[in-house]
Amino acid sequence: MKLSAIASKAAISAAFLCISTSSHASFTEGFNTPGVLPAGWVTTNLSTRSAIGNPWWVAAGIEDEFGDIVVGPHAGNGMALVNYTSVSIGSGTINNWLISPVITGLRNGDTFSFYTTTVPDSEYPDRLEFRMSTGSGTDVGSTTTSVGSFTTSLISVNPGLEVGGYPEDWTKYTVTLSGLSGPIDGRVAFRYFVYNGGRLGDNSNIIGLDDFSYVSSVPEPGSVTMLLAGVGVLAGLQRRRQTAQRAA
């Protein structure tokens, strides 16, 4: 079926509309450089006695007591990690954050995904929350239970803190944004949130995070350019067909 002149114009108009509303490009983060937190990512540890506790970090894998890697990355050369040492000594509440760069033009239909896991046969339950905040700030409050501006909960992994409830193999989680009144700028964050955690706590061990992805629902400029090129070819074929009909 040939594209009519009216349909051609409509397609071109739609393509230009996509250009005019284009937002932050989709991106992925593989945490592939051990020892280096990716640019734009921010850590904040509000756990009990967090002054000398460990924030999130990037490593080549989860190691055992002998320094051997027992859980490698989902892909690539590294992964993000956080563990019970968020509480420096004793036991307490873990409230440890890994916050993304600012994402402009978040809108309904955008999707986020990530992979996470812990060590096999863990006796100490873990919990991970995935949250969103509007604006460019990184405010997570100032207490062991606060969330600051990250009031929107998108995903909770093992919300009941059950032993064996955290995935012991790399597992993918995906969420699609909805309910937004319009495009917004914002950040998303991973919150390691565990009661009675730490070296002497009954909860908290270690979790790994890898292959974070943000996919915008708006076509990126390159895709729109290809769409325009295709529409142009179809429109040209339509003109040739009309010319041939007139000549006949």
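The first residue of the sequence shown is numbered 1, and numbering continues consecutively from there. Note: hydrogens, waters and symmetry copies are ignored here, and every other heavy atom, side chains too, is used.
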Determine whether a donor-acceptor pair (N or O, by modelled atom type, separation under 3.5 Å) exists between the side chain of [X] and the backbone of [Y].
X      : Y      : value
Ser88  : Arg49  : yes
Arg187 : Gly135 : no
Ser100 : Val188 : yes
Ser146 : Ser142 : yes
Asn108 : Gly179 : yes
Arg127 : Pro159 : yes
Asp110 : Ser216 : no
Ser204 : Gly198 : yes
Ser122 : Val119 : no
Ser156 : Glu129 : no

Shortest non-hydrogen separation from [X] to [Y] and the atoms involved:
X      : Y     : value
Asn45  : Ser86 : ND2-O, 3.1 Å
Phe193 : Thr93 : CE1-CG2, 4.0 Å
Pro38  : Val58 : CD-CG2, 4.2 Å
Leu81  : Ala59 : CD1-CB, 3.6 Å
Val71  : Met79 : O-SD, 3.9 Å
Ala189 : Trp97 : CB-CE3, 3.7 Å

Atom pair [atom1]/[atom2] of [X] and [Y] - distance to nearest 0.5 Å:
X      : Y      : atom1 : atom2 : result
Asn203 : Asn205 : CG    : CG    : 10.5 Å
Leu209 : Tyr115 : CG    : OH    : 12.0 Å
Ile206 : Asp126 : CD1   : CG    : 8.5 Å
Ile89  : Ile52  : CD1   : CD1   : 6.5 Å
Trp57  : Leu37  : CH2   : CG    : 12.5 Å
Thr144 : Asn96  : OG1   : CG    : 12.5 Å

Aromatic ring proximity, centroids under 6.0 angstrom, [Y] and [X]:
X      : Y      : value
Phe112 : Phe130 : yes
Phe114 : Tyr173 : yes
Trp56  : Phe31  : no

Answer yes or no: is there a side-chain heavy-atom contact under 4.5 Å between [X] and [Y]?
X      : Y      : answer
Ser47  : Tyr192 : no
Arg191 : Asn95  : yes
Asp139 : Ser133 : no
Leu177 : Leu106 : yes

Determine whether [X] and [Y] fall in the same hydrophobic cluster, where Ile, Leu, Val, Met, Phe, Trp and Tyr are linked whenever their side-chain heavy atoms lie under 4.5 Å apart.
X      : Y      : answer
Ile103 : Leu180 : yes
Val42  : Met132 : no
Leu128 : Leu161 : yes
Leu98  : Phe150 : no

Exercise for the section: On the 0 to 90° scale, with breaks at 30° and 60°, tag the Phe27-Tyr214 ring pair as parallel, tilted or perpendicular. Expected result: tilted

Practice task
List the steps and the verdict of side-chain contact (heavy atoms from CB on, under 4.5 Å) for Val82 and Ile207.
Solution key: CA-CA 6 Å; Val82 67; Ile207 61 175; 3.4 Å; yes

Problem - Polar contact flag, side-chain donor to acceptor under 3.5 angstrom, Thr116-Tyr166 - result: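 There is such a pair (donor and acceptor under 3.5 Å, judged by atom type) between the side chains of Thr116 and Tyr166.
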
